[in-house]
Amino acid sequence: MRRLTIAAAAAVAVAASAAVVIAQPASAETAAFTVVNSWNSGYEGRVTVTNDTPSTITTWQVRLTLPAGTTVASSWNTTHTASGNTYTFTPAAWNGTLASGASASFGFTANGSGQPTGCEINGRACGSFPTPTPTVSTPGSSVPPPPTGTTPVAINGQLRVCGVNLCNQYNRPIQLRGMSSHGLQWFADCYNNASLDALATDWQSDLFRIAMYVQEQGYETNPSAFTNRVNSLVDMAQARGMYALIDFHTLTPGDPNYNLDRAKTFFAAVSARNAAKNNVIYEIANEPNGVSWAGIKSYAEQVIPVIRANDPDAVIIVGTRGWSSLGVSDGATSAEIVSNPVNATNIMYTFHFYAASHKDNYRAEVERAAASLPLFVTEFGTVTYTGDGGVDTASSTTWLDLLDRLKISYANWTYSDADEGSGAFRPGTCGGSTYAGTGVLTDSGTFMRSRIRTPDNFPTS
Ligand code: IDC
């Protein structure tokens, strides 16, 4: 990570025509530019604007010039316009007004590796803007070629977190919609070629979550067998162009640190085995409960480096307090995460809900949190939090409309024939060979299949 500082209006400004030296303000606005994350074809930049004047300002404007071959692909907490290689960033609705001493940040993703060569804030040259490291730009090489396949993975490629979104290989925000398995230890016969074919082609699912319980007759009873099973399901998802979410399904006990050594062993193995794939996402703790955010953060900061050592560019998702409710089910809020985030890049935070149990106050928190945290709904149900009961169609629809609007990815509990309201298939389906169509589905399965089948329209440039 490189940090460059721009002291706007710190230098002497010269009027071009008469070489008159204009008196400088004693103080001014400043902007600091940081590369937060970078990859082969681009980087994520962040600019922090600080009001160093003695009075409140009500708006600001930052202008960055990028070298030829580098372009801004997307931005957040700001609106941008382009004129040639120069990009003008203006505030979003909420971050234009800055009291004296206050700061606001915005971010962008760039295609290409060239860092800004010029900067202005509020119309004044950023006098001390540093000379950037020269970059060699090969025309056309910084942007991936158009996809050659039509599956979600063929189109979107390696994912990364950009700002609060999940972005595809073109650095454009996307939403993945898919299904979660039930416990692999209980529903082994539900995950086979026919059922995954149906998920990929009939359901048009982008994503398959592999729920590997750790306790409850899961991983701890036979680590190598469960690790092999997860790996083979990753391969089956890959063969069908779906993303695979590897879920370390901790539930009871709720403190993930109880399973820290198991997590390190498991994630070392699956990340080494799957490092070269571009369809794997890691979910390191399903639903922490009865544990503080500090405890979860400490766990995450020990497990993430194990994955990164093998698979540096994969997206990793961190569970949150109160059964991954962002703390709400524990009487807390996402503010504890915002003020004390996990010290890692390219990560997201988990939110779970059960539509018949969790309603407006949870939705309000998700909307609030989504402005500053990258969120992924790795599990939700259309029913109550017990996993059973009838589908709450109204609440489920409101939830999914919200997630669609915010481009938050999701996986539904469960792609199984469990005899409970959340199971998508009628009991007994997994004993047969037919998974496609609606004839085998429950109310929840019918509802979810129609939401997931809605075309994705992933951006490809
Ligand atoms: C439930 C299953 C149920 C099983 C129970 C205990 O649906 O068949 O008996 O777990 O293992 C979660 C958990 C998820 C739960 C689900 C529904 O992540 O494991 O599955 N749920 O209760 N969080 C909230 C709800």
Side-chain angles (χ1 to χ4, degrees), residues 150-153 176-213 216-219 221-222 225-247 249 279 286 354-356 378-384 386-393 396 400 410-455:
T150 56
T151 67
V153 175
L176 300 178
R177 290 173 285 142
M179 294 296 292
S180 174
S181 76
H182 204 298
L184 301 181
Q185 75 277 39
W186 297 316
F187 291 88
D189 60 348
C190 285
Y191 311 109
N192 52 54
N193 285 326
S195 69
L196 288 182
D197 282 348
L199 187 61
T201 56
D202 180 47
W203 288 56
Q204 303 268 307
S205 185
D206 307 320
L207 170 75
F208 179 53
R209 180 188 193 229
I210 303 165
M212 187 200 70
Y213 278 79
E216 304 193 53
Q217 284 75 57
Y219 174 83
T221 65
N222 192 340
F226 278 93
T227 303
N228 291 340
R229 178 70 171 145
V230 168
N231 285 334
S232 86
L233 291 169
V234 167
D235 294 349
M236 288 165 74
Q238 180 190 22
R240 291 162 178 81
M242 288 187 287
Y243 289 93
L245 183 48
I246 299 181
D247 163 30
H249 202 86
N279 73 317
N286 167 50
Y354 279 75
T378 60
E379 180 187 311
F380 77 96
T382 58
V383 299
T384 71
T386 63
D388 208 355
V391 173
D392 187 330
T393 308
S396 298
L400 295 187
Y410 64 71
N412 172 254
W413 187 261
T414 56
Y415 197 67
S416 82
D417 65 353
D419 191 5
E420 54 188 12
S422 55
F425 295 111
R426 294 187 179 158
T429 300
C430 298
S433 55
T434 302
Y435 294 88
T438 52
V440 289
L441 300 179
T442 62
D443 289 350
S444 190
T446 305
F447 176 84
M448 285 314 309
R449 176 176 172 276
S450 80
R451 290 294 301 215
I452 290 173
R453 273 170 67 89
T454 309

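Note that these values count all heavy atoms, side chains included, but never hydrogens, waters or copies made by symmetry. We're numbering straight along the sequence, starting at 1.
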Tell me every residue that passes salt bridge (charged side-chain N to carboxylate O under 4.0 Å, His left out) with Asp443, counting only those two or more places apart in sequence or in another chain.
none

Is the centre of the His249 ring less than 6.0 Å from the centre of the Trp413 ring?
yes

Which of Asp247, Leu184, Leu245 passes side-chain contact (heavy atoms from CB on, under 4.5 Å) with Ile210? It is Leu184

Listing request: all salt bridge (charged side-chain N to carboxylate O under 4.0 Å, His left out) pairs with a residue in residues 180-196, at least two apart in sequence or in separate chains.
none

Which residues share a side chain to side chain contact (heavy atoms under 4.5 Å, CB included) with Ala237, sequence neighbours left out
Met242, Ala244, Asn279

Between Arg209 and Thr378 (side chain of the first, backbone of the second, donor and acceptor by atom type, cut-off under 3.5 Å), is there such a pair?
yes

For Arg177 and Ser205, indicate whether the former's side chain and the latter's backbone hold a donor-acceptor pair under 3.5 Å.
no

Can you confirm whether the side chains of Ser444 and Ser422 place a donor and an acceptor under 3.5 Å from each other?
no

Gap between atom OG1 of Thr227 and atom CG of Asn222 - 0.5 Å precision:
8.5 Å

Yes or no on side-chain contact (heavy atoms from CB on, under 4.5 Å) for Gln238 and Tyr243, after CA distance, side-chain angles and deciding distance?
CA-CA 7 Å; Gln238 180 190 22; Tyr243 289 93; over 6 Å; no

ring-ring contact (aromatic ring centres under 6.0 Å, His included) filter on Trp203, not counting sequence neighbours, yields Tyr415

So, for Ala411 and Leu207, which heavy atoms are closest and what is the spacing to 0.1 Å?
CB-CD2, 4.1 Å

Thr393: what forms a side chain to side chain contact (heavy atoms under 4.5 Å, CB included) with it, not counting sequence neighbours?
Val391, Thr397, Phe447

Can you check whether Val383's main-chain N or O pairs, donor with acceptor, with Asp392's side chain at less than 3.5 Å?
no

Quick one: pull up CD1 in Ile452 and CD in Gln204 and give me the separation to the nearest 0.5 Å.
11.0 Å

Keeping to residues at least two apart or across chains, list the salt bridge (charged side-chain N to carboxylate O under 4.0 Å, His left out) pairs with something in residues 198-207.
Asp202-Arg449, Asp202-Arg453

Residue pairs meeting side chain to side chain donor-acceptor pair (under 3.5 Å), one or both in residues 431-442, sequence neighbours left out, come to Asn192-Tyr435

Take Thr382 and Arg451 through the test side-chain contact (heavy atoms from CB on, under 4.5 Å) and record every step on the way to the result.
CA-CA 12 Å; Thr382 58; Arg451 290 294 301 215; over 6 Å; no

Any chance the rings of Tyr410 and Phe380 have centres within less than 6.0 Å?
yes

Go through the structure and list residues passing ring-ring contact (aromatic ring centres under 6.0 Å, His included) with Phe187, not counting sequence neighbours.
His182

Could you tell me whether the side chain of Gln185 reaches within less than 4.5 Å of the side chain of Tyr219, counting heavy atoms only?
no

Just do the side-chain contact (heavy atoms from CB on, under 4.5 Å) check on Asn286 and Glu379 with the steps written out, would you?
CA-CA 9 Å; Asn286 167 50; Glu379 180 187 311; 3.4 Å; yes

Using a 3.5 Å distance criterion without hydrogens, assess whether the side chain of Thr429 forms a donor-acceptor pair with backbone atoms of Phe425.
no

Name all pairs fulfilling the salt bridge (charged side-chain N to carboxylate O under 4.0 Å, His left out) condition that reach into residues 419-431, sequence neighbours left out, sorted by first residue then second.
none

By side chain to side chain contact (heavy atoms under 4.5 Å, CB included) - contacts of Asn193 (at least two apart):
Met236, Arg240

Output all residues satisfying ring-ring contact (aromatic ring centres under 6.0 Å, His included) with Phe208, sequence neighbours left out; order by chain, then residue number.
Tyr191

Treating Thr414 as the side-chain partner and Ser180 as the backbone partner, does any N or O pair qualify as donor plus acceptor under 3.5 Å?
no

Apply side chain to side chain contact (heavy atoms under 4.5 Å, CB included) to Ser450 and list each qualifying residue two or more places apart in sequence or on a separate chain.
none

